[in-house]
Trainee: 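Following this message is one structure expressed as C-alpha cells.
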Amino acid sequence: MPEARPSAPRIVFENVSKTFANGVRALADVSLVVAPGEFVSLLGPSGCGKTTLLRIAAGLEIPDAGRLDRPDREVGFVFQDPTLMPWASVADNVALPLRFARLDEREIAPRVMEALARVGLATVAGAFPRELSGGMRMRASIARALVTRPRILLFDEPFAALDEIGRFALDRELHELSARERLTVIFVTHSVYEAVFLSSRVVVMAANPGRIVGETSIAFAGPRDETLRDRAEFTAACSEVSAKLRDAMTAPSTVDRAGTKD
Ligand SMILES: Nc1ncnc2c1ncn2[C@@H]1O[C@H](COP(=O)(O)OP(=O)(O)OP(=O)(O)O)[C@@H](O)[C@H]1O
Ligand SMILES: [Mg+2]
C-alpha cells in the first residue's frame with residue numbers, strides 16, 4: 001500500500017511572476033521550494049496572490065516569468081466550494097476524473113471505493129450531495145481529488161464554509177492522511193490556527209505586488225490531535241505567525257514606488 005508507492009515529489013517555484021491583463025501584479029518574483037512530503041500553508045491578505053500561486057502549481061495558469069518544476073499528472077486540486085454535481089451520486093461524482101481519463105469501468109468502481117474509504121465516506125457512496133452535511137460534501141470533494149492517486153494535493157481554503165467543529169475534524173483527518181501517505185501539500189487558508197495545526201511550514205505573503213514576506217517552520221514534539229490546540233508550543237507558534245501576518249497586512253505596496261523594494 002502506501003509504502004510501495006513512489007516517494008513524494010517536490011514543487012519548485014523559481015522567480016515566478018504573473019501580471020494580469022488589467023495590470024494587476026498578482027505575483028512578483030516568487031521563489032518557493034516545497035520539499036517532498038512537506039505540508040506548506042499560504043497565509044496572507046486578500047489579493048496577495050495565493051490562489052494565483054496555487055493555480056500556477058496546478059498548471060491552470062501560466063506564469064509570465066520564472067519557472068515551475070514538478071512532476072506531471074500528480075496533482076489533485078480541492079477548491080473552496082465542493083462543486084459536486086447535484087444530480088449524481090457521491091460515487092459518480094468521485095468517479096468523474098477517472099471517466100474523463102477513460103479508465104475501464106471495471107477499474108473505476110474499486111478505485112472510487114478506495115478513495116471514499118480514505119475519507120471515511122464508504123457507507124454513503126450511493127447518496128446524493130444534498131443528503132450530505134457540509135463536511136461530508138467537502139470530504140467527497142477531497143475523495144474526488146484523491147481518486148487519481150496524486151502525490152501532490154493543492155487546497156484553496158477548503159474548509160472555510162464549515163463550522164469550527166467540522167473544520168477541526170477535517171483538519172485532523174487531513175493531517176493524518178497527508179502524513180500517512182507522505183503527500184506533498186500546498187494549503188491556502190485565512191486561519192492562522194488551521195495553518196499552524198496542519199503545516200510543517202507556514203509561508204506568509206503580502207499584496208501589491210503578491211510576494212512572500214516571511215515564513216515559519218512548525219514542529220511539535222507530540223502528536224497533532226485536539227490536545228495540541230491547548231498546548232503552549234501551539235499558542236507560541238500561532239503568535240509568531242500572527243505577528244508575521246500583521247506585518248504582511250501593513251507591508252508597503254511596492255507598486256510604482258521606486259526605492260521601496262528591497
Ligand atoms: N483572471 C484574473 N484577471 C485579472 N486579475 C486577476 C485575475 N485573477 C486574480 N486577479 C487579481 O490578482 C490578485 C491576486 O488574486 P488571487 O485570487 O491570487 O488572490 P488571493 O490571495 O487568493 O485572495 P483571496 O484571499 O481573496 O482569495 C488580485 O488583485 C486579483 O484581483
Ligand atoms: Mg484566493
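Along the sequence shown, the residues carry numbers beginning at 1.
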Trainee: Enter the distance from Ile212:CD1 to Met205:CE here, rounded to the nearest 0.5 Å.
Mentor: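 CE of Met205 is found 6.0 Å from CD1 of Ile212.
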Trainee: Is a side-chain donor or acceptor of Lys50 paired with a backbone partner of Leu43 at a separation under 3.5 angstrom?
Mentor: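 Answer holds: no.
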Trainee: I'd like to know whether Val196 forms a side chain to side chain contact (heavy atoms under 4.5 Å, CB included) with Phe234, so could you lay out the CA-CA distance, the side-chain angles of the two residues, the decisive distance to 0.1 Å, and finally the verdict.
Mentor: CA-CA 7 Å; Val196 170; Phe234 181 77; 3.6 Å; yes
Trainee: Show your working on side chain to side chain contact (heavy atoms under 4.5 Å, CB included) between Leu174 and Phe187 and close with a plain yes or no.
Mentor: CA-CA 11 Å; Leu174 179 59; Phe187 187 94; 3.6 Å; yes
Trainee: Kindly indicate, with the supporting measurements, whether the criterion side chain to side chain contact (heavy atoms under 4.5 Å, CB included) is fulfilled by Ile11 and Ile186.
Mentor: CA-CA 9 Å; Ile11 311 167; Ile186 306 179; 3.8 Å; yes
Trainee: Is there a path of hydrophobic side-chain contacts, each under 4.5 Å between heavy atoms of I, L, V, M, F, W or Y residues, that connects Leu53 with Val34?
Mentor: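 Yes, because Leu53 and Val34 connect within a single hydrophobic cluster, where side-chain heavy atoms sit under 4.5 Å apart.
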Trainee: Grab the two heavy atoms, one from Val94 and one from Val147, that are nearest each other, plus how far apart they are.
Mentor: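 Nearest pair, atom of Val94 first, then Val147: O-CG1, 3.4 Å.
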Trainee: Using every non-hydrogen atom in the two residues, find where Val16 and Pro63 come nearest and quote the distance to one decimal.
Mentor: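 For Val16 and Pro63, the tightest heavy-atom pair comes out as CG1-CB, 3.8 Å.
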Trainee: Grab the two heavy atoms, one from Ile152 and one from Arg70, that are nearest each other, plus how far apart they are.
Mentor: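 Shortest heavy-atom contact: CD1-CD, 4.0 Å.
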Trainee: Considering only NZ, NE, NH1 and NH2 on the basic side and carboxylate oxygens on the acidic side, decide whether Arg10 and Glu38 come within less than 4.0 Å.
Mentor: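 Result for this pair is no, no salt bridge flagged.
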Trainee: Would you indicate whether the side-chain heavy atoms of Leu170 and Arg139 approach each other to under 4.5 Å?
Mentor: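 The answer is yes; the side chains approach within 4.5 Å.
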Trainee: Can you give me the closest heavy-atom contact between Thr184 and Gly37, atom names plus distance?
Mentor: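 Result for this residue pair: OG1-N, 3.0 Å.
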Trainee: Using modelled atom types and a 3.5 Å cut-off, is there a donor and acceptor pairing between side-chain atoms of Lys18 and backbone atoms of Asp64?
Mentor: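 Not at all, since once roles are kept as given, no pair shorter than 3.5 Å links the two residues.
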Trainee: Between atom CD of Glu176 and atom CZ of Arg224, what is the distance when rounded to the nearest 0.5 Å?
Mentor: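 CZ of Arg224 is found 12.5 Å from CD of Glu176.
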Trainee: Would you please name every residue forming a salt bridge (charged side-chain N to carboxylate O under 4.0 Å, His left out) with Arg55, sequence neighbours left out?
Mentor: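 Salt bridge (charged side-chain N to carboxylate O under 4.0 Å, His left out) check on Arg55 returns Glu61.
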Trainee: State plainly whether one hydrophobic cluster holds both Val119 and Met136, where clusters connect Ile, Leu, Val, Met, Phe, Trp and Tyr through side-chain heavy atoms under 4.5 angstrom apart.
Mentor: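 They do share one cluster, since a chain of ILVMFWY contacts under 4.5 Å joins Val119 to Met136.
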Trainee: Is a salt bridge present between Glu114 and Arg149, judged by a nitrogen-to-oxygen distance below 4.0 Å?
Mentor: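 Yes, Glu114 and Arg149 are salt-bridged.
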Trainee: Quick one: does any side-chain atom of Asn93 pair with a main-chain N or O of Ala88 as donor and acceptor, under 3.5 Å?
Mentor: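 Yes; judged by distance alone, with no hydrogens or angles, the pair exists.
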Trainee: Under a single-linkage rule joining Ile, Leu, Val, Met, Phe, Trp and Tyr whose side-chain heavy atoms are separated by less than 4.5 Å, which residues share a cluster with Phe20?
Mentor: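 Besides Phe20, the cluster holds no residue at all.
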Trainee: Decide whether Ile142 and Val40 are clustered together by the hydrophobic rule: side chain heavy atoms of Ile, Leu, Val, Met, Phe, Trp, Tyr closer than 4.5 Å, transitively.
Mentor: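 No; tracing contacts between hydrophobic side chains, which count when under 4.5 Å, never links both residues.
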Trainee: To the nearest 0.5 Å, what is the distance between CG on Leu132 and CE on Met138?
Mentor: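 Interatomic distance, Leu132 CG to Met138 CE, rounded to 0.5 Å: 12.0 Å.
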Trainee: With a 4.5 Å limit on heavy-atom distance, are the side chains of Leu177 and Glu173 in contact?
Mentor: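 Side-chain contact under 4.5 Å: no.
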Trainee: Taking only residues at least two apart or on different chains, which pairs with a member in residues 241-253 satisfy salt bridge (Lys or Arg N to Asp or Glu O under 4.0 Å)?
Mentor: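 Pairs touching residues 241-253 that pass the test: Glu240-Lys244.
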Trainee: Give the cluster check for Leu32 versus Val75: same hydrophobic cluster or not, with ILVMFWY residues linked at side-chain heavy-atom distances below 4.5 Å.
Mentor: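 Shared cluster, yes.
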Trainee: Which heavy atom of Phe13 sits nearest a heavy atom of Ala57, and at what distance?
Mentor: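 Heavy-atom minimum between the residues: CZ-CB, 3.7 Å.
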Trainee: Could you tabulate the donor-acceptor pairs under 3.5 Å formed by side-chain atoms of residues 153-166, not counting sequence neighbours?
Mentor:
from	atom 1	to	atom 2	distance (Å)
Asp156	OD1	Thr51	OG1	3.4
Asp156	OD2	Thr51	OG1	2.7
Glu157	OE2	His190	NE2	3.4
Asp163	OD1	Ile165	N	3.1
Asp163	OD1	Gly166	N	2.8

Trainee: Could you tell me whether a side-chain N or O of Ser41 sits under 3.5 Å from a main-chain N or O of Val202, the two making a donor and an acceptor?
Mentor: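 Absent.
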Trainee: Calculate, to the nearest 0.5 Å, the distance between atoms CD and OG belonging to Glu131 and Ser89 respectively.
Mentor: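 One gets 10.0 Å once the value is rounded to the nearest 0.5 Å.
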Trainee: Only distances under 3.5 Å count here; give the side-chain donor-acceptor pairs of residues 77-86 to other protein atoms, sequence neighbours excluded, each with its distance to 0.1 Å.
Mentor:
from	atom 1	to	atom 2	distance (Å)
Asp81	OD1	Thr83	N	2.9
Thr83	OG1	Arg144	NH2	3.1

Trainee: Does the side chain of Ile108 come within less than 4.5 Å of Arg99's, by heavy atoms?
Mentor: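 Sidechains of Ile108 and Arg99: in contact.
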Trainee: Who passes salt bridge (charged side-chain N to carboxylate O under 4.0 Å, His left out) against Arg229, sequence neighbours left out?
Mentor: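 With sequence neighbours excluded, Arg229 shows a salt bridge (charged side-chain N to carboxylate O under 4.0 Å, His left out) to Asp171, Glu226, given in chain and number order.
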Trainee: Going by side-chain contact (heavy atoms from CB on, under 4.5 Å), name the residues that satisfy it together with Met113, two or more places apart in sequence or in a different chain.
Mentor: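 Leu116, Ala122, Ala125.
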Trainee: List the steps and the verdict of side chain to side chain contact (heavy atoms under 4.5 Å, CB included) for Leu183 and Arg151.
Mentor: CA-CA 5 Å; Leu183 301 171; Arg151 309 294 293 140; 3.6 Å; yes
Trainee: At what distance, to the nearest 0.5 angstrom, does CZ of Arg201 lie from OG1 of Thr216?
Mentor: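 So the CZ of Arg201 and the OG1 of Thr216 are separated by 10.5 Å.
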Trainee: Under the ring pair (Phe, Tyr, Trp, His ring centres under 6.0 Å) test, which residues partner Phe197, sequence neighbours left out?
Mentor: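 For Phe197, no residue satisfies ring pair (Phe, Tyr, Trp, His ring centres under 6.0 Å) once neighbours in sequence are set aside.
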Trainee: Run the salt bridge (charged side-chain N to carboxylate O under 4.0 Å, His left out) test against Asp104 and tell me which residues pass, sequence neighbours left out.
Mentor: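 Partners of Asp104 by the salt bridge (charged side-chain N to carboxylate O under 4.0 Å, His left out) criterion, ordered by chain and then number, come out as Arg106.
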Trainee: Val213: what forms a side-chain contact (heavy atoms from CB on, under 4.5 Å) with it, not counting sequence neighbours?
Mentor: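 So Val213 forms a side-chain contact (heavy atoms from CB on, under 4.5 Å) with Val204, Ala206, Arg211, Ala248.
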Trainee: Could you pull out all residues at least two apart from Ser31 that satisfy side-chain contact (heavy atoms from CB on, under 4.5 Å)?
Mentor: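 In terms of side-chain contact (heavy atoms from CB on, under 4.5 Å), with neighbours along the sequence ignored, Ser31 is linked to Asn15.
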Trainee: For Arg231, enumerate each residue passing the side-chain contact (heavy atoms from CB on, under 4.5 Å) test, keeping only those at least two apart in sequence or located in another chain.
Mentor: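 Partners of Arg231 under the side-chain contact (heavy atoms from CB on, under 4.5 Å) test: Phe220, Thr227, Leu228, Glu233.
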Trainee: Taking atom CG of Leu96 and atom OG1 of Thr148, what is their separation to the nearest 0.5 Å?
Mentor: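 The CG atom of Leu96 sits 11.5 Å away from the OG1 atom of Thr148.
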Trainee: For a quick test of reading the model, state the closest non-hydrogen atom pair linking Ser17 to Asp29 and the distance between them.
Mentor: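 Distance-wise, the nearest heavy atoms are OG-N, 2.9 Å.
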Trainee: Flag yes if Leu42 and Val241 sit in one hydrophobic cluster, no otherwise; membership is Ile, Leu, Val, Met, Phe, Trp, Tyr, and two members link when side-chain heavy atoms are under 4.5 Å apart.
Mentor: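 No; tracing contacts between hydrophobic side chains, which count when under 4.5 Å, never links both residues.
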